[in-house]
Amino acid sequence: MEDYRIENIRNICLAGHGGSGKTSLAEAILFTTGEIDRLGEVGAGNTTSDYRKEEIDHKISMNLTPLHCEWIDHTIHFIDTPGYSDFTSEVRCAARVSDSIAIIIRAIEGIEIETEHAWEYAEEYGLPRMLVVNLLDKEHADFFDVLNRLQERFGQHAVPFQIPIGTSESFSGVVDLVSMKAIIYDRGGDGKGQIQDIPNDLADQAEEYREKLIEAAAESDDDLLELYFEEGALTDEQLIRGLMIGVKNGTVFPVLSTSASLNIGTSGILDTMVQFMPSPADRPATVCTRPDSDEEITLDHAPSAPLSALVFKIVSEAHIGELTYFRVYSGEIKAGADVFNASKHNNERFGQIYKTLGHDRREFDTIRAGEIGAAVKLKDTHTGDTLCVRQDPVVLSWVTFAEQVANVAVIPKSKEDEEKISMGLSRLHEEDPSFIFNYDGDIKQLILAGAGEMHLDLIVERLKDRFGVDVEMIQPRIPYREAIKGRAEAQGRFKRQSGGRGQFGDTWLKIEPKPRGEGYEFVNGIVGGVVPGRFIPAVDKGIQEALHEGVVAGYPIVDIQATLYDGSYHTVDSSEMAFKVAASMGFKKAFMNAKPILLEPIYEVEVVVPDEYMGDVMGDLSSRRGRILGMDPKGSNQVVRAEVPLAELHKYSTTLRSFTQGRGSHTRKFVRYDEMPKEEERKVIAEAKEIQEGE
């Protein structure tokens, strides 16, 4: 669109549950607007947005994909997003840089877990939203049943702008309640439809829902409401104005009808996007801060203002390297321009800049305020960074990702892989900050943590494909802890003669438990100088080394008080080293006599599932030694809260997805360490001894 006007730009996130048809709708939109010349299919692996190898192989979206099209003198930037909880961070990133959100809903299943999540992200970012009921051509599809469920969950603000013509196999178009015209589509056609009069058998129903639409428009504005009370009706112009106000203010959520795979209803969706969804200029002013400061700055959404742009995704593309996606909030970015990265405090030189359609890139001279673009080969700019001008630096807020709910230990398969793995994981983390990795010294394993097992499988797949690093994934060891329940005393005496100066240290220690979480405390109870003061720190150090190594099963010891209350020394042979060894020996003896126990990490788990899976979820959690804390309704779903040992949660995301048909999700957070059951403790100790013997 050569005639740039920010009022004619739309930035829309396509979100919803897996299988709801977001990618198919994106494909229908691109085909209807003439951006592509054939309709691709997810199952065939030939859609515009699911173009990466991993998405073609798995036949699901795993990444956000920015797309764009032209419709009635408007530029629509829309971002296709994944629908599985493992990739929910992609939806968050897309929502952060969008001005509205289109939530796609399956016509049979209705509201699902990721429907709820998409709604939550819209609430979090204050985004106007539209609800698109898809798959209306399927058997048992029922638009009005879904509408009732939407209104029960989201209130009467969910208002039909259309009602379908026909059901299931007879679904052929929509009645547009704004224009009060029917739009009839050819199945698999160009998506534009033919405008006709409303069929007689739908006239009364259309009038009924038109009246509800008028009421929603009137309630959006006090002046219109007064007119409505006085006149009993609104003109078409007043109706449109009221709906625009309602959508912008979040008091009206348009509900639309479609079959994306058959390209039915697409033009109506596009018309609603350009007529009712907000432009960047309609959105509240963007508030940001100065770098390293709490000083707030309000941005003017105009190309003439100083530059501010947010990087929301980095991807590695074959043959070109890193592709950086960004949204410009104010000012503009020109090809060849120098910009300032306020997050990293460094300059970046832009080369060519693009708008993208999957793997296709279209070169542009300028990306202006309100637009989404892409650049290649930025040297030190990553996801979440703010680009601006050095003379007027600002930092835009970024996404806070959810806690990771799945982890695996990875073992490089060769020495060469071992040398390359850190570099590869670091590069992948720059692209996808929602996964983390670290070497856990307690369990001596390299751990990957992410949003689910599928997410982690994808990271490992990318590690091999892009960096040639092959790893084995195994269950992480559990970071158990050792503690005591009783009190004990013991002597630690170290004496060695080797022909010259010997080594001598003698300690008497008393140990006792401390309340859970209070850690280690050393008490110097020596009186009369039986152990000289210069050796006391060595005793403390010897105990701390024993704490780190563990006694029963090699796990760190916690919540213990150790008191040095007696001992002896030799004026020549005693040394710090001797007292350190003696203290370690004495501590280990005392520990074994103080009723040692193993502690295991306990996590609080929240599982969100539809009602029909409640029994399965609770039974499964109980079988994992879980303790049910309670249940709470969440829209059409239930939230089950439980405390579960970490040892029982390996691959829980996959199990939950399996027995809830992909409709369950969970979060978890560490709460405390608890004493293990004796039977489980014996197993862990036996395994630890096997490992020690193997080493």
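When reading the values below, keep in mind they use all heavy atoms of this one structure, side chains included, and skip hydrogens, waters and symmetry mates.
- Of all non-hydrogen atoms in I9 and Y4, the two that sit nearest each other are CD1-CE1, 3.4 Å.
- Separating the CD1 atom in I367 from the CG atom in L307 is a distance of 12.0 Å, to the nearest 0.5 Å.
- Note on ring orientation: taking the six-membered ring where Trp is involved, the planes of Y325 and F312 are parallel (angle under 30°, cut-offs 30° and 60°).
- Using cut-offs of 30° and 60° for the angle between ring planes, the F364 and H68 rings count as perpendicular.
- Contact of the R10 side chain with the S100 side chain is not registered, since no non-hydrogen atoms from C-beta on lie closer than 4.5 Å.
- Contact detail for R462 and L428: the closest heavy-atom pair is CB-CD2, 3.9 Å.
- A donor atom on one side chain and an acceptor atom on the other are found under 3.5 Å apart for T32 and N263.
- Sorted by first and then second residue, the salt bridge (charged side-chain N to carboxylate O under 4.0 Å, His left out) pairs with a member in residues 245-260 form an empty list; sequence neighbours excluded.
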K22/E114 under salt bridge (charged side-chain N to carboxylate O under 4.0 Å, His left out): CA gap, chis, key distance, verdict: CA-CA 12 Å; K22 299 175 297 298; E114 295 308 314; over 6 Å; no

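- Note that NE2 of H382 and NZ of K344 are 5.5 Å apart. Values are rounded to the nearest 0.5 Å.
- Annotation: ring pair (Phe, Tyr, Trp, His ring centres under 6.0 Å) contacts of H429 (sequence neighbours excluded): F435.
- For E123 and R129, the salt-bridge test passes: some basic side-chain N is under 4.0 Å from an acidic carboxylate O.
- Of the N and O atoms on the side chains of S89 and S434, at least one donor lies less than 3.5 Å from an acceptor on the other residue.
- Ion pairing of K313 with E90 is present here, as a side-chain N (NZ or NE/NH1/NH2) and a carboxylate O approach within less than 4.0 Å.
- Looking at residues two or more places apart in sequence or on another chain, you find no ring pair (Phe, Tyr, Trp, His ring centres under 6.0 Å) involving H345.
- A heavy-atom distance below 4.5 Å is found between the side chains of L378 and F350.
- Partners of R663 by side-chain contact (heavy atoms from CB on, under 4.5 Å), not counting sequence neighbours, listed by chain and number: H17, E112, P610, E612, Y613.
- Note: L270 CG to I72 CD1 = 8.0 Å, rounded to the nearest 0.5 Å.
- Annotation: side-chain contact (heavy atoms from CB on, under 4.5 Å) contacts of A15 (sequence neighbours excluded): C13, T81, V91, I101, A118.
- For the pair F467/L425, no side-chain contact is recorded, criterion being any heavy-atom separation below 4.5 Å from C-beta on.
- Side-chain atoms of D80 and T23 form a donor-acceptor pair, as typed in the model, at a separation below 3.5 Å.
- Scanning for side chain to side chain donor-acceptor pair (under 3.5 Å) contacts around Q352 gives Y354, E363, with sequence neighbours left out.
- Evaluation of the side chain to side chain donor-acceptor pair (under 3.5 Å) rule for N438 yields no partner, not counting sequence neighbours.
- Judged purely by distance below 3.5 Å, without hydrogens or angles, the side chains of T48 and E27 pair a donor atom with an acceptor atom.
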Residues D236, R241; criterion salt bridge (charged side-chain N to carboxylate O under 4.0 Å, His left out); working and verdict: CA-CA 9 Å; D236 288 349; R241 178 160 64 90; over 6 Å; no

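- For S422, the side chain to side chain donor-acceptor pair (under 3.5 Å) test picks out no residue, with sequence neighbours left out.
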Full working for salt bridge (charged side-chain N to carboxylate O under 4.0 Å, His left out) between E35 and R362: CA-CA 12 Å; E35 298 293 339; R362 299 177 181 178; 2.5 Å; yes

Verdict with reasoning, E120 to H117, per side chain to side chain donor-acceptor pair (under 3.5 Å): CA-CA 5 Å; E120 289 169 5; H117 287 164; 4.6 Å; no

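- Checked for salt-bridge contact, E124 and R92 meet the test: a charged N lies under 4.0 Å from a carboxylate O.
- In this structure, S98 has no side chain to side chain donor-acceptor pair (under 3.5 Å) partners at least two apart in sequence or on a different chain.
- By the 6.0 Å contact criterion, CE on M244 is open, its count of non-hydrogen atoms from other residues, nucleotides or ligands being 12 or less.
- Residues satisfying the ring pair (Phe, Tyr, Trp, His ring centres under 6.0 Å) criterion with Y125, sequence neighbours excluded, are absent altogether.
- The one candidate from N134, I111, L150, V132 that meets the side chain to side chain contact (heavy atoms under 4.5 Å, CB included) condition with I105 is L150.
- S267 places a side-chain N or O within 3.5 Å of a backbone atom of K192 that can act as its donor or acceptor partner.
- Ion pair R427/D432 not flagged as a salt bridge, since none of the NZ, NE, NH1 or NH2 atoms sits closer than 4.0 Å to an Asp/Glu carboxylate oxygen.
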Side chain to side chain donor-acceptor pair (under 3.5 Å) evaluation trace for S330 with D300: CA-CA 6 Å; S330 63; D300 181 12; over 6 Å; no

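- Looking at H455 and V405, their side chains never come closer than 4.5 Å, going by heavy atoms from C-beta outward.
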Side chain to side chain donor-acceptor pair (under 3.5 Å) assessment of T289 paired with E296: CA-CA 4 Å; T289 59; E296 291 190 346; over 6 Å; no

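- By the ring pair (Phe, Tyr, Trp, His ring centres under 6.0 Å) test, F276 is found to be paired with F161, residues two or more places apart in sequence or in another chain being considered.
- Applying the salt bridge (charged side-chain N to carboxylate O under 4.0 Å, His left out) test to residues at least two apart or on different chains, the pairs with a partner in residues 345-355 are D338-R349, K355-E371.
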